[in-house]
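Shown next, in structure tokens, is the structure this report addresses.
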Amino acid sequence: MARGAGVQALVTRWDWAPGASLDGTPYEWACGVHGQCTLRRDWLTRYVRGVGVGTLWLGPALVARLAGLEPLRAAAPVMPHAGGVRVEVTRATIDAVEAALEPLLPDSAAWEAAARG
């Protein structure tokens, strides 16, 4: 993440069908979001592609879209990382992390607008 100047990364496990493509995570499909627009830089610097039990990295562009890190810090361990943050999400904290990241979570209206171009 640091060496590649990444905008976001996620390490988690999902029970996801074999052959699933990179243009839609199970999280995005559950939110009604999918398609190649989710791979564009403008999307990746605006929306989080998923929240799962594991490690989530948010680059500086995503962190800047939050009003502050206090709600995220209250939800789970947050460490500075490469100008952004690394968040350790557990089963016990996932709901609170999602709530703290609400401004970064996509919905079907955002996806429809991005898919139109």
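Note that these values count all heavy atoms, side chains included, but never hydrogens, waters or copies made by symmetry. Numbers here simply count residues along the sequence, with the first being 1.
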**Q.** Stepwise side-chain contact (heavy atoms from CB on, under 4.5 Å) test for L56 and V11
**A.** CA-CA 6 Å; L56 174 65; V11 176; over 6 Å; no

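Here the shortest heavy-atom pairing between A76 and V87 reads CB-CG1, 4.0 Å. Among all heavy-atom pairs drawn from C37 and W43, the shortest one is O-CB, 3.1 Å. Contact record, L39 with R49: CD2-NH1, 3.5 Å, taken as the closest heavy-atom pair. For the pair V53 and T90, the tightest heavy-atom approach, listed with the atom from each and the gap, is CG2-C, 3.9 Å. Nearest approach of P103 to R46, heavy atoms of both residues: O-NH1, 2.8 Å.
Within the 4.5 Å cutoff, no side-chain heavy atoms of P80 are placed close to those of V85. Looking only at side-chain heavy atoms (C-beta outward), V33 and Y47 stay at 4.5 Å or farther from each other. Residues T55 and M79 form no side-chain contact, since every pair of their non-hydrogen atoms from C-beta on lies 4.5 Å or further apart. Looking at L66 and L101, their side chains come closer than 4.5 Å, going by heavy atoms from C-beta outward. The side-chain heavy atoms of V63 and L69, taken from C-beta on, include a pair separated by under 4.5 Å.
With hydrogens and angles ignored, the 3.5 Å screen pairs a side-chain donor or acceptor of T45 with a backbone N or O of R41. In this structure, E28 contributes its side chain and T25 its backbone to a donor-acceptor pair below 3.5 Å. Side-chain N or O atoms of Q8 include none that pairs as donor or acceptor with a backbone N or O of G59 at under 3.5 Å. Remark: the backbone N or O of A96 is not paired with any side-chain donor or acceptor of T93 at under 3.5 angstrom. Side-chain atoms of T12 never come within 3.5 Å of backbone atoms of G54 as a donor-acceptor pair (strictly under, hydrogens ignored).
For the atom pair CG (L62) and CG (L44), the distance works out to 8.0 Å, reported to the nearest 0.5 Å.
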